[in-house]
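Only one structure is covered here, and it is reproduced in the block below.
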Amino acid sequence: MNLGDIIKNIPEEKDLSLRARPYFNHSVEMKKIFSPEERADALESVGLNVFYFPSEMITGCDLLSDSGISTMTSEQWAALHLGDEAYGSNRGYYLLMKQIRETFGHEFFNDPSSGSLNAFIFHQGRSCEDTLFSVLGKYGSDFVIPNNGHFDTTAAHIKANDMEALDLFCPELKDEHSPSHFKGNMDVLRFKELLRISHNRIPMVFLTITNNTTAGHPVSMENIKVVAELTRSYKIPLFFDACRFAENAWFIKRYEQGYEDKTIEDIVKEMFSYVDGFTISFKKDGLVNMGGGLFLKHNGLFMKKFPDMPDILVHHQIIKEGHPTYGGLSGRDIMALTVGLKIVTKEEYLTYRISQVQDFGKTMSNLGIPVLLPTGGHAVYVDVNRFFKDTGMKPDDFGGIALTAVLLAAYGHRACELGHFAFGSYDQSSQKEIVPEINYVRFGIPRLRYEKRDLDAVAEAMHVLHECRDKIPGVKVISGRGLSLRHFRARFRFKK
Ligand code: F0G
């Protein structure tokens, strides 16, 4: 018997998160070590707002976001040197065009020589949203834009342009015991009803893949197809907010029937075959520190419905970000992105990446910490209501803000409150808080940055905090309570 036949009968590892990493460290940065007292002083001096805490003082893990803090590969670092900083039509632009076509489909990036521009690069995701929605808002009034879950900046741009941002979360999301792997789906029944009553008010529809607002859960191919059929039947363009497209494709391959033998590359192509365009922040699945884009499918419904839009978008892009061939990015950034897009669809990378997130969620859950299960692709979410259930913590004590402050000061790990404070608002007339349903603290996992041991340390710190949760007081808002996107700017103080 030869060795090849023998190993056919040997099963693969039971726990994918215990597989060796598909990469090794190329270079490392030694951390500075600070004491809990030094961190507490620094955090108090910025009003307990973790966004203003100096990252150099983070001795543990910085899980504030998975966005823009990927560790780049040696190929990406090498590609930076090939960056062409020409003011027009730099070398990287053509390489990016080739890569976007290879990854998402030929129709999303016309050659600029054709005179028909449909690809717009930006320095990050929200600047694409700003451009798209500020232009779209002028095409009509009383518009509503449905989504399976708008990201906060997306909703903010829609509202800033006098349109309504509507979330259609799927019903399985609220069912803790639902075995669905696709809790990021759009609620199709509600969507059908909305189309029936209000289709004239809908200029376009969005699907966010994966659904960041619902704990990073993926969207199934089935859901994408059904939503696409519905939108097509009403001649309404469908877009992806595609920040985590590769992670979404991995979930489809792993958990959706009929896709187990397809490659990630083929699944991505199929996903994008159903949409008329997409916005993307490349700071996630572009594996880069900066970059974004807005891509319109050539001859897609959007280009047909708004034929003069590309010209208006180019104008907007030129005055806001720069010429379409660099769009607010340096030539170096574009080169790193081109390489990042080649890596991100590699199955071995995605398997490692997502099983690391799943393992972190499982470890926390096994330690009794109430996390949302199953975990999504980029983050683990702790349910703050359940965390403080038996402690008398009230909604306007903002337990999530208190928890992130204590975690950062005591153990040096930074997480992000996405709950009563970030998603709530303050009604000036009644002087009362409008409390949202969801109340989470998110642990966003940067790509290729941390190892199991680092994340185990976070889980252990959370375990200790959970055991002594009754010692964590609520916080009082000192300033910024009435602001939009207030979590980025408000200041707090502990109540007791
Ligand atoms: N859409 C989604 C789904 C996002 O998650 C983000 C950013 C954006 C758009 C905006 O992209 O940051 O490049 O302007 N999400 C980050 C996060 C910030 O922490 O979840 P951007």
Side-chain angles (χ1 to χ4, degrees), residues 50-51 55 61-70 120-134 145-160 165 167-169 184-186 204-219 239-248 271 275 277-295 320-321 327-329 333 336-337 340 344 357 375-381 400 404 414-419 422-423 438 440-447 449 485 487-489:
V50 297
F51 287 93
S55 73
C61 291
D62 190 357
L63 308 183
L64 185 61
S65 176
D66 66 315
S67 178
I69 64 165
S70 302
F120 309 91
I121 48 179
F122 289 90
H123 75 276
Q124 67 179 82
R126 65 200 68 187
S127 43
C128 314
E129 296 164 358
D130 171 33
T131 301
L132 175 64
F133 296 124
S134 58
I145 301 187
N147 197 325
N148 54 331
H150 285 285
F151 181 63
D152 58 14
T153 60
T154 324
H157 280 297
I158 291 172
K159 287 178 202 160
D167 291 322
L168 297 174
F169 302 133
N185 283 351
M186 178 177 275
M204 65 192 303
V205 173
F206 265 84
L207 279 176
T208 302
I209 54 169
T210 55
N211 194 339
N212 190 1
T213 309
T214 67
H217 289 304
V219 179
F239 269 50
F240 281 144
D241 176 340
C243 301
R244 300 174 181 88
F245 72 95
E247 290 169 7
N248 201 93
M271 286 158 59
V275 294
F278 63 99
T279 55
I280 186 165
S281 162
F282 289 121
K283 296 169 74 172
K284 288 79 168 167
D285 277 354
L287 294 182
V288 283
N289 308 124
M290 204 39 87
L294 163 63
F295 300 91
K320 292 260 183 181
E321 296 266 315
L329 290 173
D333 291 328
L337 170 59
V344 78
V357 177
T375 43
H378 70 290
V380 170
Y381 291 68
T404 51
R414 180 159 64 171
C416 182
E417 194 263 6
L418 289 176
F423 296 135
I438 51 175
Y440 306 141
V441 163
R442 184 185 76 171
F443 296 78
I445 318 292
R447 294 162 183 80
R449 189 173 172 99
L485 297 175
H487 54 302
F488 292 114
R489 293 186 282 167

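When a ligand or atom number is given, it counts from 1 through the structure's own listing order.
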Minimum heavy-atom separation for Met271 to Phe240, with atom names? O-CE1, 3.3 Å

If you compare all heavy atoms of Cys128 against all heavy atoms of Ile280, which two are closest, and at what distance to 0.1 Å?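 Minimum heavy-atom contact is SG-O, 4.0 Å.
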
Does any N or O of ligand 1 fall below 3.5 Å from an N or O anywhere on [X], backbone included?
| X | value |
| --- | --- |
| Arg244 | yes |
| Asp241 | yes |
| Thr153 | no |
| Phe151 | no |
| Ser281 | yes |

Check whether any heavy atom of His378 sits under 4.0 Å from an atom of ligand 1.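 Contact check His378 vs ligand 1: negative.
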
May I ask whether Cys243 places a heavy atom under 4.0 Å from ligand 1?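 Flag set, Cys243 near ligand 1.
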
May I ask you to list the atoms of ligand 1 that are less than 4.0 angstrom from any heavy atom of [X]?
| X | answer |
| --- | --- |
| Gly125 | 11 (O), 13 (O), 14 (O), 21 (P) |
| Glu129 | 1 (N), 9 (C) |
| Thr208 | 3 (C) |

Going by side chain to side chain contact (heavy atoms under 4.5 Å, CB included), Thr208 matches just one of Asn248, Asp167, Thr213, Asp241. Which one?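 Among Asn248, Asp167, Thr213, Asp241, the one meeting side chain to side chain contact (heavy atoms under 4.5 Å, CB included) with Thr208 is Asp241.
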
Do Asp130 and Phe122 come within less than 4.5 Å of each other through their side chains, counting heavy atoms only?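 No, every pair of side-chain atoms sits at 4.5 Å or beyond.
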
For residues Leu132 and Phe120, determine if any side-chain heavy atom of one lies less than 4.5 Å from a side-chain heavy atom of the other. no

Glu321 versus His123, side-chain donor and acceptor atoms under 3.5 Å: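 Judged by distance alone, the side chains do pair up.
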
After noting the C-alpha distance and the side-chain angles of Lys284 and Ser70, does the key distance pass the side chain to side chain contact (heavy atoms under 4.5 Å, CB included) rule? CA-CA 8 Å; Lys284 288 79 168 167; Ser70 302; over 6 Å; no

Could you tell me whether Arg442 approaches ligand 1 through its side chain, its backbone, both or neither, with non-hydrogen atoms closer than 4.0 Å?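 Arg442 to ligand 1: side-chain contact only, backbone stays beyond 4.0 Å.
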
Report the part of Arg126 (side chain from C-beta onward, or backbone N, CA, C, O) that has a heavy atom under 4.0 Å from ligand 1; answer both or neither where that applies.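 Contact part for Arg126 vs ligand 1: both backbone and side chain.
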
Does any N or O in the side chain of Asp66 come within less than 3.5 Å of the main-chain N or O of Gly444, such that one atom is a donor and the other an acceptor?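 Here the side-chain-to-backbone pair does not exist.
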
Would you give the length of the straight line joining atom CZ of Arg414 to atom OG of Ser65, rounded to the nearest 0.5 angstrom?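 If I round to the nearest 0.5 Å, the distance is 10.0 Å.
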
Quick test of your reading of the structure: of Met290, Gln124, Lys284, Lys283, whose heavy atom lies closest to atom 11 (O) of ligand 1?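 That would be Lys284.
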
